[in-house]
Structure formats: structure tokens, C-alpha cells
Amino acid sequence: MWKRFQSMQAQGACATPCWRVAYAPAAPRFAPSKEKPMRASRMNLATLREDPADAEIASHRLLVRAGFIAKSGSGLYLYGPLMHRSLDKARRVIAEEISRTGALEITMPILQEQALWERSGRWATYQASRTMLTVKDRGDMVFGLAPTAEEVVTDYASQVVSSYRQLPVCFFQQHTKFRDEIRPRFGLMRVKEFIMMDAYSFHDSEASLGETYESMRVAYLRAFTRLGLEAFAVEADTGAIGGSGSHEFMVAAAVGEDAIIFQNESGYGANVERASGRIPAAPAWAGAPAASTLVHTPGVGSIADVMAFLNANGFAGVTAQHGLKCVLFAAKTAAAEHLVAAFVRGDRDVNEVKFTNTVTRLLGEAGPVLTLRPMHPDEVRACTGAEPGYAGPGAGLKVAFAVVDSQLKGVGPLVAGANRTDHHLVGFVLERDAQVPLQWDDIVRTVAGDACPRSGKPLNEKRGIEVGHIFKLGTKYSAAMKAEYMDKDGSRRPFIMGCYGIGSSRVVAAAVEQHHDADGIVWPLSLAPYQVVVVPAGKPGDAAIEQAAQGLYRDLQAAGIEVILDDRDAKPGVKFKDWDLIGIPLRIVAGKAIAQAQVEFKPRGGAVELVPVAEAAARATAWVRDGLARLAAAADAVR
RNA sequence: CGGGGCGUAGCGCAGUUUGGUAGCGCGUCUGACUGGGGGUCAGAAGGUCGCAGGUUCAAAUCCUGUCGCCCCGACCA
């Protein structure tokens with residue numbers, strides 16, 4: 001049946017298709033026509049009156065309710081006809097802006113050989129963190145399903161780029177990507193399969209990489225601006241991709257999965273995984289012991305309990321800010337597991353991303369750290385000789401590295417765990433009393449209120465959705481994979497590389513997150529599946545209304561506007577609800593005012609205005625063109 | 001991977017405690033009315049109650065197993 005349906009469509013043989021019996025559509029209100037089928041009665045609109053039970057956030061809820069997407073499995077979505085159009089628009093704008101930098105569009109395979117990934121050394125990393133889905137062919141050959149394509153494109157570059165004269169060059173694609181998500185959630189935000197634009201640039205100098213990196217930054221902001229998204233760049237950790245520097249592009253949203261630390265005046269912005277800030281000094285601790293003193297602190301393991309106990313037992317004035325928090329981790333590398341300790345001020349938390357990077361650096365050749373986990377209680381006992389809760393950098397701590405947050409340098413005295421159950425060392429001075437070698441590094445989690453590293457002013461925190469990421473990779477992949485070019489002086493050198501990604505499908509969801517109201521989606525013009533909907537509202541058979549509506553529909557189509565005619569035999573209220581939910585930017589209603597030769601203009605989220613029928617098509621066309629032009633102008637203003 | 005919750009009609013849910021003929025709202029279909037914010041009336045279709053075992057005269061309901069989905073966590077001892 002389906003095949004037959006397709007072949008009939010292909011032959012264009014269907015004024016009254018026979019399958020209509022099986023898939024009976026809503027009866028069209030007007031006589032059938034040969035016009036392009038942008039008639040609501042033929043669009044298979046599938047709006048839901050109620051929210052889907054499993055949708056939590058606005059974009060998920062509304063995209064499902066309005067019929068843009070349908071769940072196919074956990075973390076797997078089918079893009080319906082409306083979503084297909086909106087996604088296509090996002091992809092086009094992104095492709096245009098990336099192409100504008102001179103990048104060349106290509107298509108890479110989704111199946112990637114394990115052997116290729118082993119050449120870069122990344123197979124182990126991705127297996128350890130289990131972020132890559134794999135499949136086997138009949139000969140038990142293992143393939144990864146593309147999470148990104150550094151290996152593939154680096155291999156390609158080594159085949160097709162041989163001379164410095166060909167550099168710089170940048171390749172990009174927009175293709176399906178896969179992640180073995182631990183827990184897919186939030187609709188399109190965190191899924192197993194999605195569409196991503198990924199670009200890779202090749203250079204013969206850091207300066208050249210810097211230029212492309214900058215032009216990508218601008219291209220990203222231009223693309224997001226054209227798509228009506230308010231996005232901004234922040235400093236980011238390089239994560240599993242690796243490299244020397246990177247920025248993430250964030251869309252501010254309360255439901256965002258990333259925390260961003262920022263300071264408006266200085267322009268500082270960073271993902272909390274990377275952010276630094278100066279911690280306000282602790283209040284003076286009057287009456288601190290002059291020497292490290294062992295104090296019996298029965299049954300109090302947590303910082304808060306220890307301080308409360310000390311306050312009540314002869315140490316007034318000591319607070320959590322005078323505590324030395326010790327967090328014990330097991331850091332796993334490809335070859336081994338290393339037990340490590342992280343120390344931060346008592347009222348603060350360890351930033352595990354920064355700490356992981358520190359341990360990786362300390363391990364050198366023995367690294368990198370693939371995963372970091374808190375020690376189990378048994379491991380804690382083995383490391384400290386005490387129950388959990390009493391670890392400190394004094395005698396008895398057995399770890400590979402004891403890393404102390406740099407901001408504790410010269411700070412003290414402190415209260416530290418004594419590596420003995422029910423005991424703490426009060427009046428502990430790190431530089432004087434530590435019995436293990438200390439490594440100093442920035443490992444503390446920055447919070448709102450800390451001082452901005454640029455301006456010293458207080459930092460703020462908000463949440464964001466990551467829609468794009470740019471990296472300076474350097475020679476990490478090209479060196480490992482021996483991807484080299486011939487330089488001016490005749491020597492062979494590995495490419496200096498950059499890589500750049502935009503979550504095309506996530507961008508669409510982020511746009512809904514940023515643009516919706518109680519009635520539904522409010523699409524930016526550039527992302528709306530259709531630009532205008534013409535709604536005849538009145539009794540069927542009202543010739544004046546129907547003629548006006550059909551005339552407008554034809555005129556707008558002729559003008560190249562993406563217009564829908566709502567020819568369904570439904571009450572006006574139903575139609576209005578549907579288009580509000582779907583989020584069409586401009587609604588034109590031919591109804592009551594037709595007696596005065598007027599129609600209603602209503603931008604989504606705006607007010608109704610009466611417009612003479614004779615001018616309506618021209619007005620609507622201008623409205624759409626102006627709206628798009630405004631977005632384009634905003635993009636041109638990006639610096 | 002740990003904890004919690006849920007699988008009953010296309011969607012949203014009740015019924016499970018206390019076993020006894022499968023229910024409600026929305027949607028869908030037919031007809032009539034209605035025609036500016038998900039309207040009204042009449043009629044109809046649609047479910048092997050996730051799946052597999054078991055207990056029982058009798059299982060959506062009790063027991064065992066299994067699959068799937070959702071939420072929280074995977075964190076400072």
C-alpha cells in the first residue's frame with residue numbers, strides 16, 4: 001500500500017486519490033484545486049488538546065502538541081512535516097553562514113571504523129565514557145556511529161591536502177550524529193540521534209587558525225541572529241574533543257543543562273566547568289590555636305556538623321570558611337586507577353571538570369583521566385585509616401596526588417580531617433602542617449558573588465542551552481594520525497586544526513524554548529514552517545469570505561510567500577487555537593469585516609489590525625519581507 | 001548503574017487496596033444543529049488491560065519473571 005501510494009505521488013496521478021478511502025482526510029471546505037497543496041485540510045495537522053504526559057519543558061511539550069515531532073523511542077524522535085520545514089530552514093541558514101566563511105560542504109559517513117578511531121587514540125576515551133554507539137557487521141567488524149568526525153575528516157585531509165599552498169581549508173557537513181546518552185530527556189534537547197553541523201579547519205599556523213576561529217565565531221552569531229535566537233559565547237572546557245581553547249554558544253534558558261558564570265560589565269562569561277573567580281576572604285578567626293591541635297570530634301563528619309561541634313566546645317568564631325574540605329576520588333585512565341584527593345575551602349565544592357584536567361596534567365604520560373568517581377567508603381578507609389568524614393592532608397593520607405585549590409595558598413589556620421575516626425586537626429596550616437606533597441591548582445567551583453577574574457566585580461550565574469561549540473584543536477589529531485602537509489621549507493608538518501559544531505535540531509528546540517507563550521509556539525519568521533495563514537471565518541458558503549480568502553491565498557503564493565489556506569470545515573475558534581499553537585507568524589482572517597471590504601491582520605503575539613482586502617496581499621508580503629530583512633540586518637550588525 | 005514511578009482505546013486518565021461481564025474525558029466516524037477562541041444534541045466504531053508464566057471456578061486486579069517508558073540521582077563522606 002505504501003509503495004503504491006509513493007508511486008502514485010511520483011506520477012502525480014491523484015486529483016481524487018484512491019487511498020483517500022483508507023486515510024480519509026477532513027473534508028475540504030472548498031472545491032478541489034490544482035494549486036500547490038498548502039491547504040490545511042491536506043496537511044495532516046495533528047495537534048493535541050492536552051499536553052503529552054512525558055513532556056516537561058516548553059519546547060518538548062509544544063513541539064509534540066503542535067504535531068511537529070512524535071516520539072519513536074526513548075531519545076528518538078520522528079520529525080513530522082512541520083518540523084521538517086522548520087529544521088530545513090535552520091539547516092539552510094547555518095549552511096549559508098558557514099559557507100560564507102569559505103568553508104566547503106561535504107558529506108561524511110556515519111559509520112566509522114574502530115581502527116580509524118584507534119589511530120587518534122580516542123576509541124578508548126569514548127568507550128570508557130560510553131558516549132559512542134557501536135554496531136557490528138556480519139564479520140564482527142566494529143563501527144562507531146558518528147558522534148563527531150575528527151578522525152574521518154583528518155584522514156580525508158591527509159589524502160587531499162598535501163601542500164601549504166592549499167591551506168587554510170575548512171570542510172563541513174550537516175548530518176545525523178549519535179550519542180549513547182545515559183538518560184535522554186527534555187524532548188529534542190538530549191537525544192540519542194540528532195542533526196549537527198560540524199566543520200573542521202586545517203592550517204599551517206596558529207595565526208591562520210585564529211583567523212578561522214574568529215570568522216566561525218562571527219558566522220555562528222550571524223546564524224543564530226538570523227534564526228531569531230539570542231545566543232552568546234562563553235569560555236568552555238574542551239572535554240573529550242580535546243584541544244587548547246574553546247567557546248560554547250549558549251541560549252539563555254531556565255531549563256538549560258549548563259550553568260554559566262558571567263559578569264555583564266566586563267563581558268566575562270564561562271561555562272561553570274571552566275569558570276574562575278576570586279573567593280571572598282574568610283572572616284578572621286579570633287582565637288585560632290597557634291599550632292595544629294588534635295581535637296576529639298565524635299560522630300561529626302560533615303563540615304557543618306564539625307563547625308557546630310567546635311563552636312559548642314571551646315572554638316567560638318570558627319566557620320565553614322575555615323574548614324578544609326577533602327574530597328577523595330578514583331581517577332581512571334586507560335591503564336590504571338589512581339586514588340587522588342582534592343582540597344577546597346570548607347564552604348565550597350570541588351569543580352570536578354577542572355580537577356580532572358589537573359589530574360590529567362599531573363599524570364602526564366600516564367594520562368589522560370577518562371573518568372572520575374568518588375571513592376567508595378572502603379577505599380576511603382584504606383586511604384585514610386579512618387571512617388569517611390575525617391580525611392585531611394596530615395599524616396596517614398595515602399593518595400597519588402593531593403591537590404589543593406590555589407586560593408588556599410597562604411590561607412589559614414584551618415580545620416582539617418585528622419585521618420583518624422572522630423578526630424580533626426584544629427589550627428592546621430597547609431604549608432606548615434601538611435604531611436603529603438601538595439599540588440596547587442584552580443579546582444574550586446566558582447559561584448555567583450565571587451569576584452570576576454577580569455574586573456573584580458561580583459559574578460552572576462544563569463543557565464543556558466548549549467547550541468554550538470568551537471575548538472582550537474591544534475595538532476592533537478593530525479599528529480596522532482600522521483596527517484601532514486609539505487611546508488614552504490620542504491618539511492612535513494601536521495595540520496593545525498580547529499573544529500566547530502552547531503546542534504541544528506537542538507537550535508530549533510532552543511528557539512521554541514526562547515519563543516513561546518501560553519497559547520503555543522511563537523516562531524521567529526526565519527524558522528516558522530509557514531509564514532502566513534489565511535483563515536476564512538464565517539459560515540461555509542459565504543461567497544464574499546471565501547473569495548477573499550482564496551484570492552489572498554493565490555496572491556500570496558504568487559508573491560512567493562509560504563502561505564497556508566485553512567480550508568477546513570471547522571469553527572473559527574478551533575482554527576485560531578491551532579495556528580496559535582503551531583505558531584504561524586502572521587494570521588489573516590477573512591470574516592466579519594469583509595462587509596467593509598476588510599480583513600484582519602494578526603501577527604502571532606501581536607494585536608489585530610483591519611486592512612482593506614485590496615491591500616492585504618501586498619501588506620502581508622511586505623510584512624514578511626521586512627521581518628526577514630530585519631533579522632538579516634541584525635546579523636550584519638554582528639561584530 | 002542506584003532509587004522512585006508508570007504501562008488499561010489515538011491522547012490524557014480512573015478502575016488494582018478488598019479477584020466476579022472494560023470505564024470516563026478528549027479525539028475519531030455518521031447525521032443534525034451551530035459558525036469569531038478547542039460549541040451542542042443523537043448515534044457509532046475502537047482495548048487479547050506491555051509481554052510470558054503461575055495461583056484460582058474466575059485475574060486489569062494476587063504471585064514470579066521479563067520488556068518498555070518517565071522522573072530523581074549517579075556529589076563533597
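For the numbers below, each heavy atom of this structure counts, side chains included, while hydrogens, waters and symmetry mates do not. A, B, ... follow the sequence lines: proteins, then strands. Residue 1 opens every chain. Predicted model only: the values in this text are computed from it and were never measured.
The partner of B:G27 is absent, by the rule that a Watson-Crick or G-U pair needs both atom distances under 3.5 Å. Here B:G68 sits opposite B:C6 as a Watson-Crick or G-U wobble pair (both hydrogen-bonding atom distances under 3.5 Å).
Across all strands, A:Ile443 comes closer than 4.0 Å to no nucleic acid atom at all (heavy-atom distances). At a threshold of 4.0 angstrom between heavy atoms, the contacts of A:Arg183 include nucleobase atoms, whether or not backbone atoms are also involved. Base engagement by A:Val350 is indicated by at least one non-hydrogen atom pair under 4.0 Å involving a base atom. Among the atoms of the strands shown, none is found under 4.0 Å from any heavy atom of A:Val344. Residue A:Arg381 is classed as having no contact, given no heavy-atom separation below 4.0 Å to the nucleic acid. Here A:Glu379 lies out of heavy-atom contact (under 4.0 Å) with every strand. Among the protein residues, A:Gly591 comes within range of the nucleic acid bases, having at least one heavy atom under 4.0 Å from a base atom.
Scanning atom types as modelled, no donor and acceptor separated by under 3.5 angstrom connect the side chain of A:Asp54 and the base of B:G7. You won't find any donor-acceptor pair under 3.5 Å spanning the side chain of A:Arg373 and the base of B:G73, going by distance alone. At a cut-off of 3.5 angstrom, counting only N and O atoms as typed in the model, there is no donor on one side facing an acceptor on the other between the side-chain of A:Glu50 and the base of B:G27.
Taking the side chain of A:Pro374 as heavy atoms from C-beta on, and the options B:C76, B:C11, B:A77, the nearest nucleotide is B:A77. Of the candidates B:C70, B:C13, B:G35, the closest approach to any side-chain atom of A:Pro540 belongs to B:G35. Closest to the A:Ser302 side chain, of the nucleotides B:G36, B:G35, B:A77, is B:A77.
Contact annotation: the side chain of A:Met189 never approaches that of A:Pro184 to less than 4.5 Å [non-hydrogen atoms, C-beta and beyond].
For the side chain to side chain donor-acceptor pair (under 3.5 Å) with A:Ser276, the lone residue among A:Asn351, A:Thr446, A:Asp442 that qualifies is A:Asp442.
Atom NE2 of A:His84 has 12 or fewer neighbouring heavy atoms from other residues, nucleotides or ligands inside a 6.0 Å radius.
Judged by closest nucleotide on RNA chain B, A:Arg587 is the one of A:Lys71 and A:Arg587 placed further toward the 5' end. A residue-by-residue look at A:Gly73 and A:Asp51 shows that A:Asp51 has its nearest nucleotide of RNA chain B further toward the 5' end.
Between B:U55 and B:G19, the two C1' atoms lie 11 Å apart (nearest whole Å). Comparing B:C13 with B:G47, their C1' atoms are spaced 15 Å from each other, to the whole Å.
Of the possible donor and acceptor atoms, none in the side chain of A:Thr297 sits under 3.5 Å from a partner among the backbone N and O of A:Val306.
Contact check, A:Lys539 against B:G35: a side-chain N or O comes under 4.0 Å of OP1 or OP2.
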